[in-house]
Amino acid sequence: MLDRRYSKEIIPSLDGSQTILMGWVHEIRDLGGIIFILLRDREGIIQVTAPSKKTSKELFKKLRKLKKEYVIEVQGTVKKSPKAPRGVEIIPSNVKVLAESQQPLPLDPTGKVKAELDTRLDSRFLDLRRPEISAIFKIKSKMLHFVRVFLEKEGFIEINTPKLVASATEGGTELFPITYFEREAFLGQSPQLYKQMMMASGLDKVYEIAPIFRAEEHDTPRHLNEVISIDIEAAFMNHEDVMKILEKLIVKVIKDVKRHCKDELEILGRELETPKLPFERLEYEEVVEIVNSSGVHLKHGEDLSRAAEKALGETMPGYYFIKSWPTNIKPFYVMPKEDDPNKSYAFDLMYRDLEVSSGAMRVHEHDLLVERIKRQGLNPISFKSYLSAFKYGMPPHAGWGLGAERFTMALLDIKNIRETVLFPRDRRRLTP
Ligand code: AMO
């Protein structure tokens, strides 16, 4: 039994050897005396060349019947061929049809016939047959892998927390209610409360990579209703300690992706630059000044509007932090500054005009936390089990959440977040 090879593994030095390939018929050219088939698999495209003189009649007839996107198994001989793409081709000795494909296709997997994003997402499995689309997901997969490797090396322990939850974390309006037997429950907006409770467990440094759900009404190129959040929480650390971990992680992952995803980056035409450490740290007050001096109005104490983000993005290249946010526009768990409680130890990590992460040093003192919950118009009773973790020895702690899709957008300079999710969930889209 011959080994199955990917197209990429077929190199001119294998000239003369027998091999098996499996994949899709990307294109067929029948020139009468010779048939060319472009066979596409996960790793690329290879030319299968069948000259009538060197091909049995039966096989030649079979090849004639192939249609675009049929799934085939090709057995044949590798031939060095300077004229073929990549300098190598396969002379087939046997071809099996493993699956037929209906014609016409709802989407052209070669990408020659352009399609709108909505049409592409409706037939996402066909869209993914295009190398420039699958490259995004190969890189996203590697990115998440390198994030894990980095965090493990830094001593973080992976945790899994419930996504069916009883209360809000990031403010009450962005929740998806669900029916949980005879009660109402919600889809988790963030592992925030659980990762903080882990700080009272002694696990010390934890991380989770999991979906979060936000019932945000926005229909923007930067928001989805379900995304993957990379969350960390670390005890005995302050905001600056976890900011250092975050910037180190970004730089390390960029270096790793650059090294291990060369082909995919080339397909996407993306040249990754490794940012310099440390990232610039802007105080919220400086941001207000920069935005206002660019002609966009931003009132002190307000969150950044889209116009403000854009104005900031034009001034600030690459990655930078915004810190010392006003306390009352950040969630209740964010620690106010001791000397000026209107300011907090919250920070955001930006990439140009895009927020990729936010985090903070947290309130770890029980009574202050109750007060902060009330101040935000929430009821401490709904947070009973969370609050109890703060009564019996809760160390000071800090953490952040990094949006996997926003980070992928920044990595690959992608303008629409939907491009970074296999099956995006937005205001209109629930299938496929
Ligand atoms: P926040 O709500 O800022 O903070 O979310 C953290 C990061 O998750 C990503 N993100 C989103 N991406 C796309 N669409 C959305 N609707 C969306 N919502 C969030 C962003 C964002 O920066 N508990 C805190 C984190 C912490 O303090 O540890 C939190 O969830 O990249």
Side-chain angles (χ1 to χ4, degrees), residues 140 143 147 156 159 161 163 165 167-176 187-199 205-235 237-239 241-243 245-246 249-250 303-304 306 309 319 321-323 325 327 329-335 344-363 372 376 386 397-411 414-421 424-427 429:
K140 189 179 180 188
M143 176 275 282
V147 164
F156 283 80
I159 58 166
T161 66
K163 304 302 152 211
V165 298
S167 61
T169 50
E170 312 298 315
T173 55
E174 297 167 5
L175 279 167
F176 279 116
L187 294 178
Q189 288 177 305
S190 157
Q192 185 65 36
L193 306 190
Y194 294 102
K195 64 178 185 171
Q196 281 193 267
M197 285 160 85
M198 285 306 101
M199 298 300 98
K205 286 191 258 181
V206 299
Y207 75 99
E208 177 163 13
I209 300 178
I212 58 169
F213 304 90
R214 304 276 168 105
E216 296 176 49
E217 299 270 352
H218 324 287
D219 192 357
T220 82
R222 299 169 310 282
H223 291 90
L224 286 175
N225 298 111
E226 177 177 356
V227 291
I228 299 294
S229 180
I230 302 161
D231 271 273
I232 75 152
E233 202 65 27
M237 286 200 190
N238 64 23
H239 54 295
D241 297 326
V242 292
M243 284 160 77
I245 293 175
L246 180 54
L249 174 142
I250 299 279
D303 205 349
L304 300 189
R306 183 61 195 143
E309 283 178 343
Y319 292 93
F321 285 107
I322 303 176
K323 53 187 275 203
W325 284 85
T327 306
I329 56 169
K330 286 288 176 184
F332 62 80
Y333 50 77
V334 158
M335 171 97 95
S344 73
Y345 288 113
F347 58 86
D348 280 1
L349 176 68
M350 305 289 293
Y351 175 73
R352 297 181 185 160
D353 62 355
L354 184 71
E355 177 204 312
V356 289
S357 171
S358 55
M361 174 154 71
R362 323 297 190 184
V363 176
R372 296 274 306 129
Q376 303 261 358
Y386 166 68
H397 59 279
W400 44 253
L402 167 67
E405 288 73 23
R406 295 263 182 102
F407 185 32
T408 306
M409 288 170 80
L411 268 180
I414 288 174
K415 302 295 177 218
N416 191 331
I417 193 166
R418 289 158 187 78
E419 298 278 4
T420 70
V421 176
R425 290 291 170 260
D426 64 19
R427 190 72 184 82
R429 189 169 276 282

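We're numbering straight along the sequence, starting at 1. As the structure lists them, so they are numbered: ligands from 1, and atoms in each ligand from 1.
Contacts between S190 and ligand 1, counted as non-hydrogen atom pairs separated by less than 4.0 Å, involve the side chain only. Looking at Q189 against ligand 1, nothing comes within 4.0 Å, counting heavy atoms. Neither the backbone nor the side chain of F407 comes within contact range of ligand 1; no heavy atom lies under 4.0 Å. Heavy atoms of R362 found under 4.0 angstrom from ligand 1 belong exclusively to the side chain.
Here is the list of ligand 1 atoms found below 4.0 Å of a heavy atom in E355: 3 (O), 21 (C), 22 (O), 31 (O). Of all atoms in ligand 1, numbered sequentially from 1 with element shown, those under 4.0 Å from a heavy atom of K195 are 26 (C), 28 (O). Taking every heavy atom of W400 and a limit of under 4.0 angstrom, the matching atoms of ligand 1 come to 26 (C), 28 (O). Heavy-atom proximity to G359, at under 4.0 Å, picks out these atoms of ligand 1: 27 (O). Atoms of ligand 1 found under 4.0 Å from any heavy atom of H223, numbered from 1 in the order shown, are 14 (N), 16 (N). Interface of I417 with ligand 1, defined as ligand atoms under 4.0 Å from a residue heavy atom, comprises 13 (C). In summary, the atoms of ligand 1 found under 4.0 Å from a heavy atom of R222, numbered by their order in the structure, are 13 (C), 14 (N). Each of the atoms 7 (C), 8 (O), 9 (C), 31 (O) of ligand 1 lies under 4.0 Å from some heavy atom of G403.
The backbone N or O of Y207 lies less than 3.5 Å from no partner atom in the side chain of D231, so there is not a single donor-acceptor pair.
To the nearest 0.5 angstrom, K163 atom NZ is 11.0 Å from E226 atom CD. To the nearest 0.5 Å, atoms NZ (K323) and OH (Y345) are separated by 9.5 Å. A distance of 10.5 Å separates CG in D241 from CE in M243, rounded to the nearest 0.5 Å.
Residue contacts with ligand 1: L224 is placed with a nitrogen or oxygen under 3.5 Å of a nitrogen or oxygen of the ligand (distance criterion only). Where the criterion is an N or O separation shorter than 3.5 Å, residue side chain and backbone included, E233 fails it with respect to ligand 1. Taking distance alone, with nitrogen or oxygen atoms compared against 3.5 Å, Y333 approaches ligand 1 more closely than that limit. Residue V356 has at least one N or O atom closer than 3.5 Å to an N or O atom of ligand 1.
Summarising the local packing, CZ of R306 is surrounded by more than 12 heavy atoms from other residues, nucleotides or ligands at distances under 6.0 Å.
Between Y351 and I250 there is no side-chain heavy-atom pair separated by less than 4.5 Å. Side-chain contact check for I232 versus K205: every heavy-atom pair is 4.5 Å or farther apart. In this structure, H223 and R214 have side chains that are not in contact, with every pair of non-hydrogen atoms separated by 4.5 Å or more.
The closest approach between a heavy atom of S357 and any atom of ligand 1 is below 4.0 Å. Remark: distances from the non-hydrogen atoms of R214 to ligand 1 include one below 4.0 Å.
Residues K330 and D348 are paired through a salt bridge, judged by an N-O separation under 4.0 Å between the basic side chain and the carboxylate. With salt bridges taken as basic N to acidic carboxylate O contacts below 4.0 Å, one links D219 and R418.
With atom 4 (O) of ligand 1 as the reference point, the heavy atom nearest to it among S358, A215, G401, G399 is part of S358.
Between F332 and Y386, the ring-plane angle classifies as perpendicular under the 30° and 60° cut-offs.
Screening Q196, K195, R362 against H397 for a side-chain hydrogen bond (donor to acceptor under 3.5 Å, both in side chains) leaves a single residue, Q196.
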